[in-house]
Amino acid sequence: MLDIKFIRSNPDEIRDGLRKRRSKLDLEQFLAIDQKRRDLLLETEELKARRNQASGEMARMKKTGENAEPLLAELGIVSARIKTLDEELRGIDQQTSDWVMSIPNVPHSSVPEGVDEADNREVRSWGEKPVLPFAPKEHWELGTALGGLDFETAAKITGSRFVLLKGWAAKLERALISFMLDVQTAENGYDEVMPPVIVNRESLMGTGQLPKFEDELFHLENTNYYLIPTAEVPVTNIYRDTTLAESALPIAHCAYTACFRSEAGSYGKDTKGMIRQHQFDKVELVRFVHPDASYDELEKLLGHAESILQKLGLPYRVVTLCAGDLGFSSAKTYDIEVWLPGQDKYREISSCSNFEDFQARRAGIRFKPADSKKSRLVHTLNGSGLAVGRTMVAILENYQQADGSVIVPEILRPYMNGLEKIELRKA
RNA sequence: GGAGAGGUAGCGAAGUCCGGCCGUAACGCGCUCGACUCGAAAUCGAGUUACCGGCUAAUCCCCGGUACGUGGGUUCGAAUCCCACCCUCUCCGCCA
């Protein structure tokens, strides 16, 4: 959510932001509604001032036994008028808040222009794509043949877009989670938390998934509970409606959770394999920072996510999302894309964003500067560190051997009881 | 799921029966500044909610409004009366 006062006083900046995002929101309409709302508010508040003042008089008259009838009559009229205006105001407030909740964040000036994925800009790449002297297989083929990935049984248990991990794959998933959390807590200063994976509406409002993106969520029937699409939601909401001490910043949390996405509208996309699942594991990094530092913090966060891929020896590139591809709440986002030899392309494995004060305003996350009475909104950032399933995909495809076996990256072996190679055990 | 208690500032808590200078909200704690002190503790004094609108160069003042879990209702007027819902705690039941 943007600051209404900011929208009011910087309409050109908003117009430009909306244009960059190819948004069709009508700013002029909003400005008209906002003007009407303020006029109405002013009138109502004047009447309420009169009522408050007269109420005091009334109390005094009751005490002294004066005749209050004329005042009573006047107040009856005033109160009736207030009631009418309040109702009108409530309607217009709803319109205002609907509009403000539906306006996306303004892209940062460093965000490139563009319409979609194709216009994203590569920042750098890391590592060497493996040279494989055979036709590389895709992860689902490898993983299924090695007995670790079982999509058919998962389809029986639940449905499509689920996977049953067995044996080495289950262990590898768990190894990756532990490895990622260990790096972030021991080397990069994150405090680990394990939050609920079911959250209420208010939390989803706070981070911006609601009200606009209800379709993408699993909603628990007859409740206002939802399955989280990312740990960003519960972790950011730890500090909802909280004023932090300036000295406490930056706050950094990492969290492993399962994530749940309905994937509405992605029919036919990535139907094979583990790339796009309704349920997947992710280690998330969330930072609450001083507004002046948030773009430095974004680079840091990106580095923390990258370090996982480097330790695993997986080649990747970093891209800056163009304005048209930017998420609703984000002012700037870097995607990290890992190289997949089987697919012969880069695929997103992490997304690191600076939301500036967009989420903090919705969620009421502030800090008290040492030199001022007035509290300010923090800036929030988060990034995947990393998507665990896709990391497994990348390991399978990058470390595959001609015989269909897969080498375990050295750094993971302590987490895998020393296992060096995943291969089909002979019966 | 059943019974009971509760939700008021950063924390604790009074006020609710009997509606009206009781919401910058008693009292206590904490925090900030000052006095005393070589310094500290103790003591004494002062200060300390957030948001919205108006005014404004201003996130300073000043003026007004709103908020007592949430949403409605009654009333000239609601923390207080009525209705619905949410949450927390205790006990019971069920349960990993």
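Order of the sequence lines fixes the chain letters, A, B, ..., with proteins taken first and strands second; residue numbering starts at 1 for each chain.
Between A:Glu356 and A:Lys332, no side-chain nitrogen of the basic residue sits less than 4.0 Å from a carboxylate oxygen of the acidic one, so the salt-bridge criterion is not met.
The side chain of A:Lys368 approaches B:rA50 more closely than any other nucleotide in the set B:rG20, B:rA50, B:rU66. Here B:rC76 is the nucleotide among B:rC76, B:rC51, B:rG54 with the atom lying nearest to any side-chain atom of A:Leu72. For A:Leu42, whose side chain is taken as the heavy atoms from C-beta onward, the closest listed nucleotide among B:rG64, B:rG54, B:rG20 is B:rG54. The listed nucleotides are B:rC52, B:rG65, B:rC76; the one nearest the side chain of A:Leu41 is B:rC52. Of all nucleotides listed (B:rU66, B:rC76, B:rG64), B:rC76 comes nearest to the side chain of A:Ser79. Side-chain proximity of A:Ala49 to the nucleotides B:rA50, B:rU66, B:rG64 is greatest for B:rG64. Of all nucleotides listed (B:rG53, B:rC51, B:rU66), B:rG53 comes nearest to the side chain of A:Lys5.
Side-chain nitrogen and oxygen atoms of A:Lys83 include at least one within less than 4.0 Å of the OP1 or OP2 phosphate oxygen of B:rU74. For the pair A:Arg366 and B:rC51, the criterion of a side-chain N or O lying under 4.0 Å from OP1 or OP2 is met. In terms of phosphate contacts, A:Thr44 brings no side-chain nitrogen or oxygen within less than 4.0 Å of OP1 or OP2 of B:rG53. For the pair A:Arg90 and B:rG72, the criterion of a side-chain N or O lying under 4.0 Å from OP1 or OP2 is met. Residue A:Asn52 places at least one side-chain N or O under 4.0 Å from the OP1 or OP2 atom of B:rG65.
Neither side chain, A:Lys282 nor A:Thr257, offers a donor N or O lying under 3.5 Å from an acceptor on the other.
Under the ring-ring contact (aromatic ring centres under 6.0 Å, His included) criterion, A:Phe218 pairs with A:His278, not counting sequence neighbours.
Where A:Glu45 and A:Arg376 meet RNA chain B, the nucleotide closest to each residue was compared, and A:Arg376 sits on the side nearer the 5' end.
In this structure a side-chain-to-backbone donor-acceptor pair under 3.5 Å is present from A:Thr223 to A:Tyr225.
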